[in-house]
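Residue numbering restarts at 1 for every chain, and letters A, B, ... go by the order of the sequence lines.
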2 protein chains.
Amino acid sequence: MASRDTQHKKITEAQDRFVASWGQMAGAWGISRTMAEAHALLYITGKPMNTDEIMDRLQISRGNASMSIRALLDWGIISRTHKRGDRKEYFEADQDVWSMFRSIVRERMKREVEPLLATLFEIRDASPAPDEASGDQQKELLAHQKRLEEMLSFMQTMEKLSHRFVSPSGSGLELAAKLLTKFDK
Amino acid sequence: MASRDTQHKKITEAQDRFVASWGQMAGAWGISRTMAEAHALLYITGKPMNTDEIMDRLQISRGNASMSIRALLDWGIISRTHKRGDRKEYFEADQDVWSMFRSIVRERMKREVEPLLATLFEIRDASPAPDEASGDQQKELLAHQKRLEEMLSFMQTMEKLSHRFVSPSGSGLELAAKLLTKFDK
DNA sequence: TGGTTCTTTCAGAAATTATTGAAATCAATA
DNA sequence: TATTGATTTCAATAATTTCTGAAAGAACCA
């Protein structure tokens, strides 16, 4: 039978591996490794930690820790807590994976898709109006507009879909997703 | 009425804006700006272009163009074509936005989610087996395992969902997505 | 085969992004 | 209000990613 210490060491090791693999994926999704690691750490340990604990565990500077934590708060996937008799701030991760994921989708849509969509509308509306010029040019213009429209319509569909998913009532999509995968050939 | 030249200039301008805004979003999703721009250019012009044309239009080096094109080919969202009597290779973008998006999802799942999932399984399987040690440690271990399981189960659901979406037959999800957004409150 | 054209590769340079750490700010306490 | 401790900010630096350009490699042709 494993001793208390051995078992604890193994859990810590598993946590570290979790944190590392989470951090690895970060780059591919446009967030910094540290930010992902801090989140992973809070999620997998499940207990509130203060800035110093996070710094120590991840071996990062105070500034970096502060900024990463702030970013996670802005994303809405971690929250502040306090400990009686301790002036330090503690942070804990949302423990519901689905709600966490919803926050991420919400933020990314707001930050990246919505501005893009706005720009696409602008581009469309600034397009030259069809005139009676030569057939060839006419065709080119129409084809251009069609491509713009298709992209726009795709992104709008995605936007609406994400809204459904993200809205409180839309959490039913969690069930839908699970059901959909149940009936797998 | 706009002259031929004016109209053409305006289309080019719209294309450039499209390319730029596409490129801007790239960073946030972990692909290089140039790669996104090259794809945007091929998509929005709708016509096959060779390496030199892409280089000129995006003002990039030959090396960069070659590597970006290669990456887009690997992702399966552009394809090679040829012009009779021209030894150069031409490239054109998949004009179907949904099929394009499916390719992107397929590749990202394969490259990022699947490896992560594999690592998560590894971590779980290397976890210490529950033993008869103290209740506190026992509880901690069980909580740790529960968090791992929840994350695993979430990612597996996502994986299955994406497979449905990505598979040829799964293109029905396009319809489903559109339908879902139709009934908007 | 040698010459020509097109394509890929990759070491180094440039640009971008992430991180540090010390100073400034803020907050609680007495 | 001064003191102490916690937190944020940000200019400087480090690390990483992207890009260039020249050289090597292929493909084609006469």
### Message
I want to check one thing: is the phosphate of D:dC19, taken as OP1 and OP2, less than 4.0 Å away from some side-chain N or O of B:T34?
### Response
yes
#### Entry: Interatomic distance where CG belongs to A:D52 and P belongs to D:dA6 [whole Å]
7 Å
### Spacing of B:R70 atom CZ relative to D:dC19 atom C1', expressed in whole Å
17 Å
### Task
Without swapping roles, check the side chain of A:R108 against the backbone of B:A28 for a donor-acceptor pair under 3.5 Å.
yes
### Lys/Arg N to Asp/Glu carboxylate O, B:E37 vs B:R33, below 4.0 Å
yes
### Task
Would you indicate what B:S32 reaches in the nucleic acid, counting non-hydrogen atoms under 4.0 angstrom: base, sugar-phosphate, or nothing?
sugar-phosphate
### Task
Take atom CG of A:D86 as the centre, draw a 6.0 Å sphere, and report whether it contains more than 12 heavy atoms from other residues, nucleotides or ligands.
yes
## Note on the structure
Rounded to whole Å, NZ of A:K88 lies from P of D:dA6 at a distance of 4 Å
### Task
Using a strict cut-off of less than 4.0 Å between a Lys/Arg side-chain nitrogen and an Asp/Glu carboxylate oxygen, indicate whether B:E150 and B:K146 qualify as a salt bridge.
yes
### Query
How long is the line joining CH2 of B:W29 and P of D:dT17, in whole Å?
19 Å
### Query
Hey, is the side chain of B:R87 poking within less than 4.0 Å of OP1 or OP2 on D:dA26, counting only N and O atoms?
no
### Summary
Residue pair A:N64/A:F91 against DNA chain D: nearer the 5' end by closest nucleotide is A:F91
### Message
Rounded to whole Å, how long is the line connecting atom CG of A:D74 with atom P of D:dT9?
### Response
10 Å
### Query
So, are B:R111 and B:E107 salt-bridged, with charged N and O less than 4.0 Å apart?
yes
### Query
Is A:R62 touching bases, backbone alone, or none of the nucleic acid, heavy atoms closer than 4.0 Å?
base
### Message
What is the separation between atom CE on A:M67 and atom C1' on D:dT9, rounded to the nearest whole Å?
### Response
8 Å
### Message
Check this for me, if you would: do B:R80 and B:E92 make a salt bridge, where the nitrogen-to-carboxylate-oxygen distance has to be below 4.0 angstrom?
### Response
no
### Message
Test your reading of the model: is there a side-chain donor-acceptor pair from B:S66 to the backbone of B:R62, 3.5 Å cut-off?
### Response
no
### Summary
Min and max contacting nt of DNA chain C in 5' to 3' order, chain B heavy atoms within under 4.0 angstrom, are C:dT5 to C:dC10
### Summary
Rounded to whole Å, CG of B:D86 lies from C1' of D:dA27 at a distance of 14 Å
### Query
Atom CE of B:M55 to atom C1' of D:dT20: distance rounded to whole Å?
10 Å
